[in-house]
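Written below as structure tokens is the structure these notes are about.
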2 protein chains.
Amino acid sequence: MGTIGSEQCKSGCGVERTLQVLDGKWATLVVRELMPGPKRFTELRSVLGMPSAKTLTDRLRALEHQGILTRTVHAEVPPRVVYELTGQGRSLNSVLMAMLAWGEENPAPVAVR
Amino acid sequence: MGTIGSEQCKSGCGVERTLQVLDGKWATLVVRELMPGPKRFTELRSVLGMPSAKTLTDRLRALEHQGILTRTVHAEVPPRVVYELTGQGRSLNSVLMAMLAWGEENPAPVAVR
DNA sequence: CAGAATCCACTTCGATACTG
DNA sequence: CAGTATCGAAGTGGATTCTG
């Protein structure tokens with residue numbers, strides 16, 4: 001198996017598709033947090049350290065529309081909304097594991113200068 | 001092998017580190033294009049379809065400072081500048097392959113609307 | 001050719017206030 | 001609790017012009 005490159009992977013290839021889903025600075029982290037299991041809105045917000053609810057809502061909606069996660073509203077008081085990865089969402093685990101492995105083996109450079 | 005998650009991966013983990021490097025919408029694509037071998041500035045620009053030189057310059061500088069690629073200036077006329085992945089940069093191949101595989105197996109949803 | 005510099009458009013993100 | 005609505009700040013990308 002060789003390296004990736006434009007020969008096997010021109011514009012519109014799988015890498016671009018993945019980038020569409022794991023877009024922006026939060027999407028990847030949201031998916032990571034949901035990987036072990038469903039979580040609630042506030043739970044996600046506090047774990048990810050997101051100060052604003054708006055951004056999280058936007059990211060969750062985008063991922064929902066892309067079929068990565070589902071949003072379930074429990075009609076209770078107080079309301080409880082649970083986000084859970086779909087099969088497609090869970091399949092992103094392989095990508096996250098690759099990112100995790102690379103990050104662990106390649107810490108930040110000694111000096112950024 | 002389990003799934004990824006905050007239990008094994010709190011803030012500051014490898015995933016975040018990888019996201020620092022593959023940041024924005026161009027970094028990943030630049031690394032992908034350089035994976036098969038060195039390329040010149042204009043070559044990268046045309047293959048990636050980047051209309052503006054500024055953005056490409058910014059991305060290349062960022063990746064250079066992070067130790068992902070090297071910039072070599074050949075003192076010729078016309079000048080020739082070649083960008084090449086470092087060992088660390090080439091090691092990102094595993095991440096790109098994971099992204100490629102996921103994207104191939106998970107095309108865009110039936111309707112994005 | 002490979003940029004640097006400048007200006008501008010768009011998106012993303014955050015803070016605040018309010019609602020079912 | 002889990003949002004929505006609105007505003008504004010910030011970052012990123014693009015177009016243009018100029019230079020060694």
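H74(A) is listed as a side-chain neighbour of V82(A), based on a closest heavy-atom distance under 4.5 Å. V21(A) is not listed as a side-chain neighbour of N106(B), based on a closest heavy-atom distance of 4.5 Å or more. When side chains are defined from C-beta on, D58(B) counts as touching K54(B), because their heavy atoms get closer than 4.5 Å.
The residue among R71(A) and K54(A) whose nearest nucleotide of DNA chain D lies closer to the 5′ end is R71(A). For T57(B) and G49(A), each mapped to the nucleotide of DNA chain C holding its nearest heavy atom, the one lying further toward the 5' end belongs to T57(B). Taking the nucleotide of DNA chain D with the nearest heavy atom to each of F41(A) and S52(B), the more 5' of the two is matched to F41(A). Place G24(A) and A53(A) on DNA chain C by their nearest nucleotides, and G24(A) ends up nearer the 5' end.
Remark: P of dA2(D) and CD of E43(A) are 9 Å apart, rounded to the nearest angstrom. Atom NZ in K39(B) sits roughly 18 Å away from atom C1' in dC1(C) (whole-Å rounding). The separation between L56(A) atom CG and dA5(D) atom P is 16 Å, rounded to whole Å. One interatomic measurement links the two molecules: CZ of R45(A) to P of dG3(D), which rounds to 11 Å at whole-angstrom precision. For the pair D58(B) CG and dA2(C) C1', the computed distance is 14 Å after rounding to whole Å. What separates NE2 of H74(A) from C1' of dG3(D) is a distance of 16 Å, to the nearest Å. Taking atom NZ on K25(A) and atom P on dG13(D), their separation rounds to 14 Å, with Å as the unit. Taking atom CG on L60(A) and atom P on dG3(D), their separation rounds to 7 Å, with Å as the unit.
When the nucleotides dG14(C), dA2(D), dG3(C) are ranked by their closest atom to the side chain of R80(A), dA2(D) comes out on top. Among the nucleotides dA2(C), dG14(D), dC1(D), the one closest to any side-chain atom of W26(B) is dG14(D). The side chain of D23(A) has dT12(C) as its nearest neighbour among dG14(D), dG3(D), dT12(C). Among the nucleotides dG3(D), dG20(C), dA15(C), the one closest to the side chain of P51(A) is dA15(C). Candidate nucleotides dG20(D), dT12(C), dT4(D) were compared by shortest atom distance to the side chain of R61(A), and dT4(D) ranks first.
Closest approach of F41(A) and L56(A) over heavy atoms only: O-CD2, 3.7 Å. When all heavy atoms of R71(A) and E64(A) are compared, the pair lying nearest together is CB-OE2, 3.7 Å.
Residue Y83(A) has a polar side-chain atom (N or O) positioned under 4.0 Å from OP1 or OP2 of dG3(D). Taking 4.0 angstrom as the limit, T55(A) places none of its side-chain polar atoms (N or O) nearer than this to OP1 or OP2 of dT12(C).
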Quiz item: Which is it for T28(B) and R32(B) under the side-chain contact (heavy atoms from CB on, under 4.5 Å) test, yes or no, and what are the steps along the way?
Solution: CA-CA 6 Å; T28(B) 305; R32(B) 184 194 71 186; 5.7 Å; no
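Between L85(B) and the choices V30(B), N93(B), L69(B), L63(B), the side-chain contact (heavy atoms from CB on, under 4.5 Å) rule is met once, by L69(B).
Computed from C1' positions of five pairs at each end, the angle between the two local axes of the helix from dC1(C)-dG20(D) to dG20(C)-dC1(D) equals 50°, rounded to 10 degrees.
Remark: E43(B) does not engage K39(B) in a salt bridge, criterion side-chain N to carboxylate O under 4.0 Å.
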